[in-house]
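By convention here, the first residue in the shown sequence is residue 1. When reading the values below, keep in mind they use all heavy atoms of this one structure, side chains included, and skip hydrogens, waters and symmetry mates. Values in this document were obtained by computation on a predicted structure and should not be read as measured data.
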Amino acid sequence: MKEYIDRSVWINYFNEFTRRNNTRPTRLEVFGENGAQAEERGLSFAGISLEQGNGAPSVAIMFSARNGETSPHLTHVIENVQEITPKRGLDGRDEALEIVDSQGEKNLLCFERQSMIPAPNPNEWSWRYS
């Protein structure tokens, strides 16, 4: 059973979601008329916000570069949002957020698993020859 987020709490939900997931690595996929399209992969989650204009609400998902890099940055905007559905793991952490617009197009923000062991830094390698 899907757990939709009630529209009346979207702003508060997005604020908490951003706080919990800031800087986590992401993948964004869009499922629409043309099938599944990968919008981005590997950028850090920077935030999500709601704009309530005169019409249906729009959602902006912001991404930033990882590891102190200065670019790229990306903002993905979804117009006429109808449904927000979170997916949580067994440990309670956010795994994904599905956002559906009025045309039925699904935007799926997924969080990538972070390696528990940092990638080796070649500048710190020491070579030994026997």
Side-chain angles (χ1 to χ4, degrees):
M1 185 172 125
K2 287 189 172 185
E3 175 196 340
Y4 300 109
I5 303 298
D6 188 84
R7 190 177 292 217
S8 66
V9 298
W10 282 1
I11 291 173
N12 290 336
Y13 180 81
F14 289 155
N15 289 339
E16 285 299 309
F17 186 87
T18 297
R19 184 189 57 76
R20 287 192 308 267
N21 297 296
N22 193 26
T23 72
R24 288 182 66 190
T26 61
R27 182 179 75 247
L28 180 65
E29 298 174 353
V30 178
F31 301 87
E33 277 184 18
N34 299 325
Q37 304 291 319
E39 291 292 312
E40 71 82 25
R41 182 178 192 141
L43 294 177
S44 292
F45 178 70
I48 186 168
S49 65
L50 178 69
E51 297 294 325
Q52 296 180 337
N54 294 333
S58 63
V59 169
I61 306 171
M62 287 77 64
F63 304 92
S64 63
R66 293 183 63 192
N67 302 327
E69 297 173 8
T70 57
S71 64
H73 296 275
L74 173 70
T75 299
H76 179 76
V77 178
I78 306 155
E79 302 286 341
N80 301 314
V81 174
Q82 301 298 308
E83 294 177 0
I84 307 289
T85 308
K87 181 180 179 197
R88 293 186 188 89
L90 295 175
D91 61 359
R93 285 187 64 165
D94 297 304
E95 287 186 352
L97 189 65
E98 181 183 78
I99 303 169
V100 181
D101 68 18
S102 61
Q103 302 297 313
E105 186 171 275
K106 295 179 181 182
N107 297 263
L108 187 63
L109 170 65
C110 301
F111 292 105
E112 301 283 274
R113 293 190 180 268
Q114 292 179 318
S115 173
M116 299 304 283
I117 302 171
N121 182 346
N123 296 326
E124 296 175 357
W125 293 349
S126 62
W127 300 95
R128 294 185 185 180
Y129 297 98
S130 301

**Student:** Check Thr75, Thr26, Ile99 against Ile61 for a side chain to side chain contact (heavy atoms under 4.5 Å, CB included) and give me the one that passes.
**Tutor:**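 Passing option: Ile99.
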**Student:** So which atom in Phe111 and which in Ala96 form the shortest heavy-atom distance, rounded to 0.1 Å?
**Tutor:**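 Looking at all heavy atoms of both residues, the closest pair is CD1-N, 4.5 Å.
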**Student:** Side chains of Phe63 and His76: does their closest heavy-atom pair fall under 4.5 Å?
**Tutor:**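 Yes, at least one pair of side-chain atoms sits under 4.5 Å.
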**Student:** Sub-3.5 Å donor-acceptor pair from the side chain of Glu16 to the main-chain atoms of Arg19, do we have one?
**Tutor:**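 Between the backbone of Arg19 and the side chain of Glu16 there is no qualifying donor-acceptor contact (under 3.5 Å).
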**Student:** I need the single residue from Lys87, Glu98, Arg27 that forms a side chain to side chain contact (heavy atoms under 4.5 Å, CB included) with Leu108. Which is it?
**Tutor:**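 Testing each of Lys87, Glu98, Arg27 against Leu108, the sole residue satisfying side chain to side chain contact (heavy atoms under 4.5 Å, CB included) is Glu98.
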**Student:** Following the transitive rule for hydrophobic clusters with a side-chain heavy-atom cut-off under 4.5 Å over Ile, Leu, Val, Met, Phe, Trp and Tyr, establish whether Leu50 and Leu28 coincide in one cluster.
**Tutor:**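 Shared cluster, yes.
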**Student:** Got Glu79 and Glu51 here, is their nearest side-chain heavy-atom distance under 4.5 Å?
**Tutor:**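 No, their side chains stay 4.5 Å or more apart.
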**Student:** Measuring from atom CZ of Arg24 to atom CG of Leu43, what distance do you get when rounded to the nearest 0.5 angstrom?
**Tutor:**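 If I round to the nearest 0.5 Å, the distance is 15.0 Å.
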**Student:** Which atom pair, heavy atoms only, marks the closest approach of Val30 to Glu39?
**Tutor:**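 Heavy atoms of Val30 and Glu39 come nearest at CG2-CG, 3.4 Å.
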**Student:** Closest heavy-atom contact between Val77 and Ser58?
**Tutor:**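 Scanning both residues completely, I find the closest heavy atoms to be CG1-CB, 4.5 Å.
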**Student:** Rounded to the nearest 0.5 Å, how far does CG of Asn15 lie from CZ of Arg20?
**Tutor:**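 Spacing of CZ (Arg20) from CG (Asn15) equals 10.5 Å.
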**Student:** Treat each ILVMFWY residue as a node, draw an edge where side-chain heavy atoms are under 4.5 Å apart, and state whether Ile84 and Val9 are in one component.
**Tutor:**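 The answer is yes; both residues are in one hydrophobic cluster.
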**Student:** Does Leu97 share a hydrophobic cluster with Ile5, counting links as ILVMFWY side-chain heavy atoms below 4.5 Å and allowing steps through other members?
**Tutor:**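 Leu97 clusters together with Ile5.
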**Student:** Take atom CD of Gln103 as the centre, draw a 6.0 Å sphere, and report whether it contains more than 12 heavy atoms from other residues, nucleotides or ligands.
**Tutor:**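 No, not enclosed.
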**Student:** Out of curiosity, does Val100 fall in the hydrophobic cluster containing Val59 (side-chain heavy atoms, cut-off under 4.5 Å, transitive links)?
**Tutor:**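 Val59 does not cluster with Val100.
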**Student:** Quick one: pull up CD in Glu29 and CD in Glu40 and give me the separation to the nearest 0.5 Å.
**Tutor:**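 Separation between the atoms: 9.5 Å.
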**Student:** Are Leu74 and Phe14 connected, step by step, through hydrophobic side chains (Ile, Leu, Val, Met, Phe, Trp, Tyr) whose heavy atoms are closer than 4.5 Å?
**Tutor:**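 Leu74 and Phe14: one cluster.
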**Student:** Please give me the minimum heavy-atom distance between Ser49 and Met62, naming the atom from each residue.
**Tutor:**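 Heavy atoms only, the tightest pair is OG-CE, 4.1 Å.
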**Student:** Take Asn21 and Asp94 through the test side chain to side chain donor-acceptor pair (under 3.5 Å) and record every step on the way to the result.
**Tutor:** CA-CA 8 Å; Asn21 297 296; Asp94 297 304; 2.8 Å; yes
**Student:** Between Glu112 and Arg41, does any NZ, NE, NH1 or NH2 come within less than 4.0 Å of an OD or OE carboxylate oxygen?
**Tutor:**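 Answer for the salt bridge query: yes.
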**Student:** Which pair of non-hydrogen atoms, one from Glu95 and one from Gly89, has the smallest distance, and what is that distance?
**Tutor:**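 For Glu95 versus Gly89, the nearest heavy atoms are OE2-CA, 3.1 Å.
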**Student:** Please check if any side-chain donor atom of Glu3 sits under 3.5 Å from a side-chain acceptor atom of Thr85, or the reverse.
**Tutor:**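 Result is no, nothing qualifies.
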**Student:** Mind listing the closest non-hydrogen atom pair of Ala56 and Asn80 along with its distance?
**Tutor:**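 So the minimum-distance heavy-atom pair works out to CB-OD1, 3.4 Å.
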**Student:** For Phe45 and Phe17, take the angle between the two ring planes, folded into 0 to 90°, and tell me which bin it lands in: parallel under 30, tilted 30 to 60, perpendicular over 60.
**Tutor:**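 Perpendicular.
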**Student:** Is the shortest heavy-atom distance from the side chain of Pro25 to the side chain of Arg113 under 4.5 Å?
**Tutor:**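 They are not in contact (no side-chain heavy atoms under 4.5 Å apart), so the answer is no.
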**Student:** Quick one, Pro57 and Arg7 - any side-chain contact, counting heavy atoms below 4.5 Å?
**Tutor:**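 Sidechains of Arg7 and Pro57: in contact.
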**Student:** If you define the side chain from C-beta out and look only at heavy atoms, does anything of Val81 sit under 4.5 Å from Trp10?
**Tutor:**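 Yes. Closest side-chain heavy atoms under 4.5 Å.
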